[in-house]
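Since the structure is predicted, the reported quantities are computational estimates derived from the model, not experimental observations. Chain naming here is simple, since letters A, B, ... match the order of the sequence lines and numbering starts at 1 in each.
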Amino acid sequence: MSEFQPSVTSRYKTYHYIENLSQYVGQEVTLRGWVYHRTGKGKLQFIQLRDGTGVVQCVVFKGNVSEEVFNLAKDLTQESSVIIKGSVREDPRSPSGYEIDVSDIKLVQLTKDYPITPKEHGDSFLLEHRHLWLRSSKQHAIMRVRAAVVKAIRDFFDGNGFKLMDSPILTPNACEGTTTLFETQYFDLGKAYLSQSGQLYAEASAMALGKVYTFGPVFRAELSKTRKHLTEFWMVEPEMAYFDLEDDMDLAEDLVEYIVHYVLKTCQKELQTLERDTTKLEKVRRPFYRMTYTEAVEWLNKNNIPLIRKVGGQEIAEPFPWGEDFGAVQEEAIMEQFDKPCIIHHYPAKVKAFYMKRDPENPELVLAMDMLAPEKGGEIIGGSQREDDYEALKQRIIDENLPLDAFQWYLDLRKYGSVPHSGFGLGIERTVKWITGAKHIREVIPFPRMIYRIVP
RNA sequence: UCCUGAGUAGCUCAGCUGGUUAGAGCACCUGACUGUUAAUCAGGGGGUCCGGGGUUCGAAUCCCCGCUCAGGAGCCA
């Protein structure tokens, strides 16, 4: 299996791709793509050609081509599809370092009135044209980083003894019982919901295969309207039998370090296009920072970061009370001092989900952890050691007013060979947003789903 | 859902305390140019001022209602 190298290139016609041009210096190539940009100066025309792998400048000199081809070059519009033949030349005047001396152009389709011009556009307009916006260089770079992040995650788990165990998207009940779910009618069996997390199923899978991960889209019908929320996003959720909270946090660090350095290694060009300060990413090395929830509260109060409550239109600031969950203000204040991620662990039980295991040393706490990313990356990971005691879990389900029937199979896991186990969820888009430095989470998923937007 | 803000040409915007024929840049069309990078220069076409109601001699401008969108909060990845 290790010797197996997938390859299908020999079955395709021999064309060339822009990302491989350095191999063809001095040779004639045929490129297939789209006109990214065109300018000209009399007898000289410059075509920025993109083919999905990169952009290269193609130079058309009137003396080198037929009159027909030159006139075609002059009339080419943005995003017209063309097949260009020419020789590859190294040239410092070209942005990519290479240039194509054009000998022939074949028009596939002449584009008229491409909506996205080289001028600025508003967010709303760009989102309405997301299907075309993806062609522009920054979006193109973000999507390539996203693909690298996903590959890093899969490589990391596959290479460390984890098995991919996909969880269902249509589910009969809420996983955590807290957030609002998308609802649909499921034949004669009643309501079904789009999954907000694969975790409960991952736990069952971990009891069968030891170390597993699920990777898929999840759905939250919350009316969130911020630059870090989507209603549909992708999450990877490892779940490990016999892992305690410490193991869980160690694994989360290993994973995030691997992702960041995989992207640094394979996406230099993309990060440059995005004008990302990569020295900040270089610093993401183990060990990350760690503090308990209680330490974090002490830190907030020592640094006078209050809790702001609104009472009857009046804003009241008070010392941060132990037991309250952190909001955006607290998280940002804590992270401002750090140049790499920080894990906050041992939260109060009442602000966390029912399935988390109580701290045996303090029943007010749960063995939970969140990883916050620096540079306003926010919460990228949430995880915990799971409650593995049958009675304790059953009581939690009852306390939360969750339907016991629907959780019977989940309780079974605590009945038949229950073991300590842990896991976490890492948000793909939040991670890509942090690594790319994108301003808004909608830019890091090909087709974002937000409360007021489902097209395209 | 709550708070705040925005909607004028295909796009990004200007348009003052209401005033007569609503403007610019880009994009598009015509022409000039052998090194452009959001090229430059000359010329040209292009408007339901978000919708409805009101105030006024007169509304893009002021008031009310609605629609659409954006940012933030809470929830969380």
Side-chain angles (χ1 to χ4, degrees), chain A residues 36-48 55-64 70 73-75 77-79 91-96 99 101 111-129 136-137 175-176 178-181 196-199 216-237 252 308-310 313 315 324-329 331-332 351-353 370-373 377-383 424-434 439-442 444-445 450-453:
Chain A
Y36 190 61
H37 184 70
R38 184 197 62 81
T39 89
K41 200 168 173 183
K43 293 174 181 150
L44 208 46
Q45 295 295 320
F46 302 95
I47 300 161
Q48 304 290 336
V55 179
V56 70
Q57 174 155 283
C58 304
V59 183
V60 190
F61 177 51
K62 193 167 186 179
N64 291 350
F70 187 78
K74 239 170 81 177
D75 292 340
T77 52
Q78 199 189 349
E79 288 303 321
D91 195 317
R93 288 173 296 185
S94 170
S96 64
E99 224 171 54
D101 252 329
T111 289
K112 287 215 151 189
D113 299 323
Y114 185 68
I116 301 176
T117 65
K119 261 281 185 176
E120 325 153 1
H121 297 281
D123 301 329
S124 192
F125 178 83
L126 288 170
L127 282 169
E128 275 157 31
H129 296 83
S136 57
S137 62
C175 279
E176 304 185 11
T178 50
T179 45
T180 320
L181 304 181
Q196 59 166 324
S197 163
Q199 186 206 310
V218 290
F219 307 86
R220 310 245 165 124
E222 291 288 339
L223 298 174
S224 299
K225 215 169 137 40
T226 79
R227 58 180 86 186
K228 56 183 184 184
H229 286 90
L230 294 164
T231 57
E232 175 183 307
F233 64 96
W234 286 67
M235 188 153 72
V236 63
E237 293 176 279
I308 312 256
R309 268 190 223 278
K310 266 203 165 173
E315 285 191 350
E324 194 76 20
D325 205 1
F326 299 140
V329 178
E331 284 182 3
E332 274 180 31
V351 302
K352 289 292 182 184
D370 286 350
M371 187 191 288
L372 307 178
E379 186 179 338
I380 56 171
I381 282 178
F424 62 83
L426 174 129
I428 302 305
E429 287 76 17
R430 290 222 180 140
T431 304
V432 176
K433 174 177 181 283
W434 164 49
K439 281 188 197 69
H440 200 299
I441 199 164
R442 65 190 166 206
V444 306
I445 185 168
M450 298 174 294
I451 56 173
Y452 292 132
R453 199 175 285 283

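For the pair A/Ile380 CD1 and B/C76 P, the interatomic distance rounds to 18 Å; values are reported in whole Å. B/G35 atom C1' lies 8 Å from atom CD of A/Glu99, rounded to whole Å. Regarding A/Leu223, its CG atom lies at a distance of 16 Å from the P atom of B/G72, rounded to whole Å. Look at CG on A/Leu127: it is 14 Å from C1' on B/G71, rounded to the nearest Å. Per the geometry, CD belonging to A/Glu429 stands 18 Å off P belonging to B/C76, to the nearest Å. B/G10 atom P lies 19 Å from atom OH of A/Tyr114, rounded to whole Å. If you take CE of A/Met450 and P of B/U68, they are 15 Å apart, rounded to a whole angstrom. Rounded to an integer number of Å, the gap from CD of A/Gln78 to P of B/A38 is 12 Å.
Between A/Phe46 and B/G35, no base-stacking contact is recorded for ring centres under 5.5 Å apart and planes less than 30° from parallel.
In this structure B/A73 sits in a base pair with B/U1, meeting the Watson-Crick or G-U test at under 3.5 Å. Shown here, B/A42 forms a base pair with B/U30; the pair counts as Watson-Crick or G-U wobble because both key distances fall under 3.5 Å. With both pairing distances under 3.5 Å, B/A60 is matched to nothing as a Watson-Crick or G-U wobble pair. Figure legend. B/U68 is base-paired to B/A6; pairs are counted as Watson-Crick or G-U wobble with both atom distances under 3.5 Å. The nucleotide B/A24 finds its pairing partner in B/U12, both defining distances of the Watson-Crick or G-U wobble pair being shorter than 3.5 Å.
Each of A/Arg442, A/Arg453, A/Arg227 was compared with A/Asp123 under the salt bridge (Lys or Arg N to Asp or Glu O under 4.0 Å) criterion, and only A/Arg442 meets it.
When the C1' atom is used for both B/C41 and B/U4, the distance is 46 Å, rounded to whole Å. Look at the P atom in both B/U55 and B/G44: the space between them is 43 Å, to the nearest Å. Nucleotides B/A59 and B/G19 are separated by 11 Å at their P atoms, to the nearest Å. Spacing between B/G25 and B/G15 at atom C1', rounded to whole Å, works out to 15 Å. Spacing between B/C75 and B/C13 at atom C1', rounded to whole Å, works out to 36 Å. Nucleotides B/C11 and B/U20 place their C1' atoms 30 Å apart, quoted to the nearest Å. The P atoms of B/C49 and B/G10 are separated by 12 Å, rounded to the nearest whole Å. B/C16 and B/A60 are spaced 12 Å apart, taking the P atom of each and rounding to whole Å.
In this structure, of B/G74, B/C76, B/G35, it is B/C76 that holds the atom nearest to the side chain of A/Lys228. Distances were taken from every side-chain heavy atom of A/Arg220 (C-beta onward) to each of B/A70, B/C76, B/G72; the shortest belongs to B/C76. Nearest nucleotide to the side chain of A/Ser124, out of B/A27, B/G74, B/C69: B/C69. Checking B/A77, B/C76, B/G74 against every side-chain atom of A/Phe233, the shortest atom distance belongs to B/A77. The side chain of A/His121 lies closest to B/C11, out of B/C11, B/A70, B/A77. Distance from the side chain of A/Leu230 is smallest to B/A77 among B/A70, B/A77, B/G74. Closest to the side chain of A/Leu44, out of B/G74, B/A27, B/G35, is B/G35.
Summary of the strand contacts: A/Asp75 and A/Pro115 both lie near RNA chain B, and taking for each the nucleotide with the nearest heavy atom, the more 5' one is attributed to A/Pro115. Between A/Gly327 and A/Tyr452, the residue anchored closer to the 5' end of RNA chain B is A/Tyr452, taking for each the nucleotide with the nearest heavy atom.
Residue A/Phe125 is classed as a sugar-phosphate contact, given heavy-atom separations below 4.0 Å to backbone atoms only. Residue contacts shown for A/Lys225 include a base, since a base heavy atom lies under 4.0 Å away. A/Lys112 comes within 4.0 angstrom of no nucleic acid atom, judged by non-hydrogen atoms across all strands. Heavy atoms of A/Asp325 sit under 4.0 angstrom from primed sugar atoms or phosphate atoms, though from no base atom. Residue A/Gly122 is classed as a sugar-phosphate contact, given heavy-atom separations below 4.0 Å to backbone atoms only. Contacts of A/Glu237 with the nucleic acid, taken as non-hydrogen atoms under 4.0 Å apart, are absent. Looking at heavy-atom distances under 4.0 Å, A/His129 makes no contact with the nucleic acid at all. Here A/Ile381 lies in heavy-atom contact (under 4.0 Å) with sugar-phosphate atoms only.
Side-chain polar atoms of A/Ser197 and A/Glu237 form a donor-acceptor pair below 3.5 angstrom.
The side chain of A/Arg227 contributes no N or O atom lying less than 4.0 Å from OP1 or OP2 of B/G71. Distances shorter than 4.0 Å separate none of the side-chain N or O atoms of A/His229 from OP1 or OP2 on B/G72.
Atom CZ in A/Arg220 sits 4.0 Å away from atom CZ in A/Phe233 (nearest 0.5 Å). To the nearest 0.5 Å, atoms CG (A/Leu230) and CD1 (A/Ile428) are separated by 12.5 Å.
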>> Run the side chain to side chain contact (heavy atoms under 4.5 Å, CB included) test on A/Ile441 and A/Arg430 for me, step by step, so that the C-alpha distance in whole Å, both residues' side-chain angles and the decisive distance to 0.1 Å come before the verdict.
In response: CA-CA 7 Å; A/Ile441 199 164; A/Arg430 290 222 180 140; 3.9 Å; yes
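Relative ring orientation between A/His129 and A/Phe125 is described as tilted, the plane-to-plane angle lying within the 30° to 60° band.
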> When every nucleotide of nucleotides 40-47 of chain B is labelled 5' to 3' by its protein contacts under 4.0 Å (heavy atoms), B for base, S for sugar-phosphate only, - for none, what sequence of letters results?
Replying inline: --------
